[in-house]
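Some notes on the structure that comes next.
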Amino acid sequence: MANEIQTIGVLTSGGDAPGMNAAIRAVVRQAIVQGKKVKGIKRGYAGLLQEEIVEMRASDVSDTIQRGGTILQTARCKEFTTLEGQQLGAEICRKHGIDGVIVIGGDGSFKGAQKLAALGINTVGVPGTIDLDIACTEYTIGFDTAVNTAMEAIDKVRDTSTSHERCSIIEVMGRGAGYIALWCGIANGAEDILLPEKYDYDEQALVNNIIANRKKGKKHHIIINAEGIGHSASMAKRIESATGVETRATILGHMQRGGSPTCKDRVYASTMGAYAVDLLCQGKSNRVVGYRNGEYVDFDIDEALAMQKQISEYQFKICKNLSL
Ligand code: ADP
Ligand code: F6P
C-alpha cells in the first residue's frame, strides 16, 4: 500500500504523568512488531520544532516501564499554537520521514495533534494526565498513581492532625479539575472537599462545620482543597481565627506527578500505547484513545474535544455523608 505508515513519531506533551514511560515503551515495541520504524520526539512540540528527534529501538525503552516521569521529556510550547508553528512541525515530520505521530498528553496536546492531522500528518492522542479531566475517557494515564500518592500523604497529615486536635487544609493538584480532591476526599474520609467545579466560596459553611464537628468530639478536621481554589495558607489563618481551632495548611504539590506508576497505570498505558499504534497502522488519523464501559475505544479528536465531563454528583454527596 503506497500510503501505509512507515515511521511513527512519539512525543509526550503538557504536564508529565506516571505511566507515560510505559506508554512510550508500548508504542515503540508494538510499532516494531508491526514492522514500523519509531522516532522519539523530545520535549513535546517544542522539541519537534527544534528537530530533537531520535530513532528508537526496542532496547531504548528497556527498564523504563517502572519509571516515573517521561524519558522523552515534556514541555509546553507556545509557538505550536500558531499556524506557522504547526506548518513548521508538519514540514519537520515530513523531512524526518515521520508519517504518523502519537501524542501522549492532555486536551491541549490533542489540539496540537488535531492541527498536525489537518496538515496531513496522521495523529493519534493517548490520554496522559494525573487530572483525569479528559471527557472522552473514563481513565487517564497517571491518575491512579497520583491519587494513591496523595492519599498516602494525607493519611500521614491526618495522624498528626488528630494528635494535635487540629484542622488541616491539604491542597492537592488539579487547577481546573477536582477529581484528585474528590477521590482523596472519599478515600481519606475528609470532612470537607473544595473542588473547582463545585466550591461556592462560602467559608462560613466550613467554619460552621468545623465547630459542629468539634462539639461532636471529632479530633481532627481534614479539608482537601484543590489547587484551582488554592490560597490554602491564608484560608488556614482565617479559619483558625474564626473557629479557635489550630489550623495548618499543607500543599502536596508536584510530588503527586512523580513516582513509579501503579500496576493500573502501567497496564492502561501499555494497552493505550499499543492501541494507538494499531490505529495508525489501520490508516486512521485524528483519533484519540479512550477507555469506556470496560473497553478500549477511540474517538475523532474534534468530537473528543467537544465532549464535557462532570464531577459525579453522587460521589460528591456521599463524600460529605460518609464523614459524618
Ligand atoms: P495538556 O496537554 O496537559 O492539556 P497544555 O494545555 O499545556 O497541556 O498543552 C500542551 C501543549 O499542547 C501546549 O504547550 C501547546 O504546545 C500544545 N497546544 C495546546 N493548545 C493548542 C492549540 N490550540 N493548538 C495547537 N497546539 C496546542
Ligand atoms: O498535570 C496536570 C497538572 O498537574 C495540574 O493539576 C496542574 O494545575 C498543572 O499540571 C500544573 O503544572 P505545572 O506546575 O507543571 O505548570
Side-chain angles (χ1 to χ4, degrees), residues 11-20 23 41-50 52 68-70 72-90 92-93 101-119 121 123-137 140-147 149-150 170-184 194-197 224-232 251-259 261 265 286 288-289 301-302 304-307 309:
L11 62 84
T12 49
S13 165
D16 66 347
M20 280 185 164
I41 301 164
K42 297 208 162 173
R43 298 175 46 249
Y45 296 115
L48 174 62
L49 299 185
Q50 298 295 318
E52 293 178 49
T70 158
L72 287 176
Q73 316 296 134
T74 186
R76 298 192 169 94
C77 175
K78 213 162 173 202
E79 193 186 345
F80 203 74
T81 60
T82 65
L83 180 61
E84 296 71 36
Q86 294 151 13
Q87 283 170 336
L88 177 61
I92 290 170
C93 284
V101 178
I102 294 175
V103 173
I104 306 166
D107 277 341
S109 305
F110 297 161
K111 286 181 195 156
Q114 182 187 43
K115 305 290 165 36
L116 272 182
L119 293 166
I121 305 297
T123 59
V124 176
V126 171
T129 166
I130 64 164
D131 285 349
L132 197 69
D133 62 344
I134 298 178
C136 72
T137 181
T140 63
I141 297 164
F143 177 72
D144 190 56
T145 309
V147 87
T149 300
I170 305 163
E171 191 171 309
V172 297
M173 271 191 148
R175 198 171 289 157
Y179 292 97
I180 296 178
L182 173 69
W183 277 59
C184 287
L194 313 182
L195 318 181
E197 299 90 338
I224 298 179
N225 183 28
E227 177 193 350
I229 292 156
H231 302 288
S232 297
I251 298 171
L252 298 185
H254 289 83
M255 67 180 289
Q256 295 160 92
R257 283 228 302 247
D265 273 323
N286 201 47
V288 55
V289 179
I301 295 186
D302 307 13
L305 290 173
M307 292 177 190
K309 193 169 189 174

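Counting starts at 1 for both ligands and their atoms, following the listed order. For the single chain, residues carry numbers from 1 onward in sequence order.
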Please answer whether the main-chain N or O of [Y] pairs with a side-chain N or O of [X] as donor and acceptor at a distance below 3.5 Å.
X: E171; Y: N225; answer: no
X: E197; Y: G178; answer: yes
X: Q86; Y: F80; answer: yes

cation_pi(K115, Y45) dist<6.0 Å, angle<=45: no
Please identify which atoms of ligand 1 are closer than 4.0 Å to at least one heavy atom of [X].
X: F80; answer: 16 (O), 25 (C), 26 (N)
X: G106; answer: 1 (P), 2 (O), 3 (O), 4 (O)
X: Y45; answer: 12 (O), 16 (O), 17 (C)

Euclidean distance, R43 CZ relative to Q50 CD, rounded to 0.5 Å: 6.5 Å
Residue-ligand contact D107/ligand 1, heavy atom below 4.0 Å: yes
For atom 2 (O) of ligand 1, the option (of G15, G125, S109) bearing the nearest heavy atom: S109
I need the nearest protein heavy-atom contact for [atom]: residue, atom name and distance, please.
atom: atom 11 (C) of ligand 1; value: S13 OG, 3.5 Å
atom: atom 24 (N) of ligand 1; value: K115 NZ, 3.3 Å
atom: atom 22 (C) of ligand 1; value: K111 CB, 3.6 Å
atom: atom 5 (P) of ligand 1; value: G108 CA, 4.1 Å
atom: atom 16 (O) of ligand 1; value: C77 O, 2.7 Å
atom: atom 26 (N) of ligand 1; value: G112 CA, 3.4 Å
atom: atom 8 (O) of ligand 1; value: G14 CA, 3.6 Å

Ignoring hydrogens and angles, write down the donor-acceptor pairs under 3.5 Å from the side chains of residues 126-135, residues two or more places apart or on other chains.
{"from": "T129", "atom 1": "OG1", "to": "D131", "atom 2": "N", "distance (Å)": "3.0"}

Within reach of ligand 1, part of R76 (heavy-atom separation under 4.0 Å): both
Proximity of Q86 to ligand 1 by residue part, where a heavy atom lies under 4.0 Å: side chain
Pocket residues of ligand 2, ordered first by chain and then by residue number (heavy-atom cut-off under 4.0 Å): G15, R76, I130, D131, M173, G174, R175, E227, H254, R257
